[in-house]
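For clarity, every value in this text was computed on a predicted model and none was experimentally measured. Protein chains get the first letters and strands the later ones, always in sequence-line order, with residue 1 at the start of each.
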2 protein chains.
Amino acid sequence: MSNQQIKQAGLKVTVPRVKILSILEHSGKRHLSAEDVYRELLSHDEDIGLATVYRVLTQFESAGLVCRRHFEGGQSVFELDGGGHHDHLVCIQCGKIVEFVDAMIEERQRAIAAEHGFRIKEHSLVVYGICSGCQTPD
Amino acid sequence: MSNQQIKQAGLKVTVPRVKILSILEHSGKRHLSAEDVYRELLSHDEDIGLATVYRVLTQFESAGLVCRRHFEGGQSVFELDGGGHHDHLVCIQCGKIVEFVDAMIEERQRAIAAEHGFRIKEHSLVVYGICSGCQTPD
DNA sequence: CGGAAAACTGAAAATCTTTCGCATCTTAAA
DNA sequence: TTTAAGATGCGAAAGATTTTCAGTTTTCCG
């Protein structure tokens with residue numbers, strides 16, 4: 001199980017870390033804020049502080065287990081790193097998040113960065129809009 | 001002059017607003033944080049509080065005069081809305097910012113949003129990297 | 001030009017998210 | 001087990017931004 005992942009990250013296998021990783025894996029949502037994780041823990045009667053949640057998520061991030069995203073509106077969200085990079089479509093009404101990847105866009109980004117002499121480290125593309133479920137008839 | 005723009009935005013023409021708009025127009029940089037604006041004001045011996053700077057910038061944003069961007073790393077930056085939308089290339093070393101627009105990327109975004117039933121409201125594409133000036137020889 | 005209502009302002013206090021300090025508790029390994 | 005290194009929880013602190021509030025300034029109109 002996931003205890004291996006924690007160990008491989010060079011971290012001790014502790015209750016908070018196991019629980020938090022488990023929540024990231026099994027809660028329905030792929031994108032969770034630190035608060036979300038904290039609330040899940042509380043609802044499972046785990047006595048884990050918010051500071052620890054942040055600490056652990058940050059460690060998981062350094063270890064490459066999760067990615068942190070800064071969308072508009074306060075909190076960051078964390079998602080399990082499922083390998084491939086991807087961008088996001090975010091509904092500004094209900095918060096729904098859709099992931100996508102587009103080879104053409106990736107390619108253009110590389111070309112543009114090169115034109116300006118930049119060496120790309122990472123990039124973030126977020127498209128904000130209204131999802132079909134939230135659209136009101138005009 | 002720009003007093004007109006303030007008036008047209010439905011705002012009273014006050015000293016803080018005029019000064020702040022002027023700074024946005026005439027300071028060398030296109031991207032300024034609230035702090036940057038505040039420091040400029042101080043250096044012009046204007047007695048305007050940081051709270052007012054935030055208030056005014058937010059009002060200008062609502063009025064469509066400026067755009068607010070949340071790049072990584074704390075503060076937001078504001079830029080005069082020169083009409084066209086554009087994306088950013090940010091140097092994570094020195095903070096240098098390059099603007100760009102790419103028709104192909106814009107087009108793909110529209111197509112992807114449509115595929116998922118989203119109505120785009122806005123989007124933000126930020127590519128983080130190291131600019132030529134900051135690149136150390138490998 | 002005067003006067004008042006409405007809008008605006010600075011300073012300090014309040015929020016909100018995230019991190020830190022530190023005494024205490026766990027884990028991993030001998 | 002024993003123990004040192006590493007983790008944890010709590011409350012306090014930090015940094016960015018917003019709100020509160022009482023005093024000012026603008027605008028509008030007679």
Residue pair A:His123 / A:Asp87, side-chain heavy-atom distance below 4.5 Å: yes

Protein-nucleotide distance (A:His70, atom NE2; D:dA16, atom P), rounded to Å: 14 Å

For B:Tyr54 and A:Val15, take the nucleotide of DNA chain D holding the closest heavy atom to each; which residue's nucleotide lies nearer the 5' end? A:Val15

Just by distance, do the side chain of B:Tyr128 and the backbone of A:Ser124 share a donor-acceptor pair under 3.5 Å? no

Length of the line joining B:Phe60:CZ and D:dT17:C1', which is rounded to integer Å: 18 Å

May I ask you to check whether A:His88 and A:Phe71 place their ring centers less than 6.0 Å from one another? yes

Over how many whole Å does the gap from A:Leu50 atom CG to D:dT8 atom C1' extend? 13 Å

Using whole Å, what does the distance between atom P of nucleotide D:dT17 and atom CD of B:Gln59 come to? 16 Å

A:Lys19 has an atom NZ; how far is it from atom P of D:dA7, in whole Å? 19 Å

How many whole angstroms separate atom CG of A:Leu11 from atom C1' of C:dA28? 14 Å

Indicate whether OP1 or OP2 belonging to D:dA16 is found under 4.0 Å from a side-chain N or O atom of B:Ser76. no

Between D:dT27 (P) and B:Lys7 (NZ): distance, integer Å: 6 Å

Would you indicate what A:Thr52 reaches in the nucleic acid, counting non-hydrogen atoms under 4.0 angstrom: base, sugar-phosphate, or nothing? base

Taking any heavy-atom pair under 4.0 Å as a contact, classify A:Ser33: base, sugar-phosphate, or nothing. nothing

Could you tell me how far apart A:Glu46 (CD) and D:dT8 (C1') are, to the nearest whole angstrom? 13 Å

State whether a side-chain donor-acceptor pair under 3.5 Å links B:Glu79 with B:His86. yes

Using a 4.0 Å heavy-atom cut-off across all strands, classify B:Arg17 as base, sugar-phosphate, or nothing. sugar-phosphate

Of all the choices, C:dT18, C:dA28, D:dT18, which nucleotide is nearest to the side chain of B:Ala51 once you look at every atom? D:dT18

For B:Ser132 and A:Arg119, does a side-chain donor sit closer than 3.5 Å to a side-chain acceptor? no

Does B:Asp47 or B:Lys12 map to a spot on DNA chain C nearer the 5' end, using the closest nucleotide for each? B:Lys12

